[in-house]
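For reference, the structure I am asking about is given below.
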Amino acid sequence: MSGLLTLRGMPADRLGDLLDSGQRYVDMIRAGVRAPSRLEGRTVTIVFFEPSTRTRLSFEKAAHALGATVMVFAPEMSSTVKGESFKDTILTLTAMGSDVLVIRHVLADAADLAALWSGVPIINAGAGRREHPTQTLIDALTLRQHFGALQGLRMGIVGDVDNSRVARGHLAALPTLGIELTLIGPSTLLPVANPWVARTTHSLDEALGDLDVVYLLRVQRERGAAAGLSSEASYNRRYGMTEERLSMLKPTSVIMHAGPINRGIEIDDSVADGERSLILEQVANGVPMRMAVLEAALGERE
Ligand code: CP
């Protein structure tokens with residue numbers, strides 16, 4: 001694998017190999033076994049132009065765990081503030097000896113452009129509304145751990161789908177793995193076009209009884225989602241995951257959210273912190289899954 005820009009078109013066996021590799025790292029971490037230093041002598045550069053807690057820190061930890069040298073680019077402390085362009089930043093970080101660039105950016109094309117400019121593998125760590133492929137892999141791994149298999153699971157992706165790169169990553173890959181997707185939300189937050197293999201509905205309450213997984217999306221105020229809502233309280237009444245809605249699910253169904261969560265808007269406290277929530281398992285799988293992605297991007301070295 002030369003970097004990871006998108007999961008679109010990735011065949012099921014390749015996705016399965018990545019999940020298997022992620023699971024091997026999960027098992028090592030749980031057993032307290034140190035991972036082999038497969039990236040020793042390699043430099044992983046983390047280039048985040050948007051805020052992040054989970055993705056940035058888990059990529060850093062994953063790279064360290066594999067023995068890599070890690071450089072972290074912080075735009076607010078960089079020559080970006082002196083007007084250096086994104087292209088010159090990418091060329092500079094590549095010339096400095098980066099072996100892979102892990103990029104988060106507000107622009108949907110950022111990772112693809114970096115791949116054109118730089119000769120090293122690029123990992124898309126969240127590009128505008130385009131895709132967040134490693135989050136999708138983490139979520140597939142989390143579901144496989146919980147249910148044992150993915151084929152035939154029914155997932156409802158609820159809320160601010162139009163602004164969500166997480167949703168687009170899921171739409172790109174989860175049907176390939178056999179997961180049936182339903183997009184649920186008000187028309188103001190659903191994409192106008194639906195070129196994916198996914199149903200859509202505006203009624204969460206009608207969909208709940210059929211779902212194995214309720215995947216809640218953050219209402220992205222920074223991307224203008226609030227303009228599509230009459231109020232956050234009314235959004236919570238129609239689309240928030242409350243205790244009452246939890247009781248409408250099958251007993252085996254689970255709750256997921258990529259984080260960060262807006263408590264009291266798309267998810268209530270007791271649901272986020274409850275026993276059917278996989279949110280912290282998703283976070284825990286971030287490091288091992290990203291170890292697998294880094295290893296695949298840079299190739300194994302004996
Ligand atoms: N899920 C996710 O991408 O979270 P961060 O923005 O904290 O990285």
Side-chain angles (χ1 to χ4, degrees), residues 3-7 18-19 22 26 44-65 70 72-76 100-108 110-111 122-143 145-146 155 157-174 213-225 241 254-263 265-267 271-273 277-294 297:
L4 179 61
L5 300 176
T6 176
L7 296 174
L18 281 169
L19 298 181
V26 170
V44 175
T45 304
I46 316 272
V47 190
F48 274 38
F49 284 88
E50 273 194 345
S52 165
T53 297
R54 282 151 281 266
T55 313
R56 183 172 58 81
L57 293 173
S58 61
F59 264 115
E60 275 190 61
K61 189 170 182 193
H64 282 297
V70 183
V72 180
F73 170 85
E76 70 282 2
V100 60
L101 300 175
V102 181
I103 297 179
R104 172 169 287 193
H105 204 286
V106 69
L107 292 178
I122 304 294
I123 296 174
N124 171 7
R129 299 175 183 177
R130 175 72 57 82
E131 242 186 81
H132 191 354
T134 56
Q135 184 67 51
T136 296
L137 293 170
I138 288 164
D139 295 339
L141 181 65
T142 306
L143 284 172
Q145 289 166 351
H146 185 85
M155 175 189 284
I157 302 180
V158 185
D160 190 5
V161 179
D162 196 28
N163 284 310
S164 177
R165 53 194 174 209
V166 171
R168 284 184 178 75
H170 287 19
L171 287 157
L174 296 188
V213 186
V214 181
Y215 198 104
L216 301 161
L217 297 173
R218 184 169 65 88
V219 174
Q220 298 197 43
R221 299 183 186 94
E222 76 276 21
R223 294 189 215 280
M241 200 63 207
V254 296
I255 306 296
M256 299 181 86
H257 192 309
I261 60 179
N262 290 312
R263 290 174 182 261
I265 303 177
E266 71 264 5
I267 188 165
V271 179
D273 302 330
S277 164
L278 300 185
I279 293 171
L280 293 180
E281 290 170 45
Q282 293 171 261
V283 175
N285 281 325
V287 172
M289 193 63 243
R290 288 175 172 130
M291 289 168 75
V293 167
L294 285 170

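All ligand and atom numbering here is 1-based and tracks the order in the structure. Remember, predicted model here, so these are calculated numbers, not experimental data. Residues take their numbers from the sequence shown, with the count starting at 1.
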| task | Under 4.0 Å from a heavy atom of T53: give me the atoms of ligand 1 that qualify, with their elements. | result |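 Once the distances to T53 are compared, the set is 5 (P), 7 (O), 8 (O).
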| request: Check I123 against F59 and note the closest heavy-atom contact, atom names and distance. | output: CG2-CZ, 3.7 Å
| message | Just to check, does R104 reach to within less than 4.0 Å of ligand 1 when the distance is taken from its heavy atoms? | response | yes
| message | So, regarding G259 and ligand 1 (criterion: nitrogen or oxygen to nitrogen or oxygen, under 3.5 Å), is there a contact or not? | response | yes
| What are the two closest heavy atoms between R165 and E50, and how far apart are they? | NH2-OE1, 2.8 Å
| query | Between the side chains of N285 and E281, is a donor N or O closer than 3.5 angstrom to an acceptor N or O? | reply | no
| request: Just go through H132, Q282, R54 and tell me whose heavy atom is the nearest to atom 3 (O) of ligand 1. | output: H132
| Counting both backbone and side chain atoms, is some N or O of S52 under 3.5 Å from an N or O of ligand 1? | yes
| Non-hydrogen atoms of Q282 and Y215 that approach each other most closely | NE2-OH, 3.6 Å
| query | Tell me: protein heavy atom nearest atom 1 (N) of ligand 1, and distance? | reply |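 For atom 1 (N) of ligand 1, the nearest protein heavy atom is A258 O, 2.9 Å.
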| task | Verify whether one side chain among T6 and E131 offers a donor that lies under 3.5 Å from an acceptor in the other. | result |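 On atom types as modelled, these side chains qualify, holding a pair under 3.5 Å.
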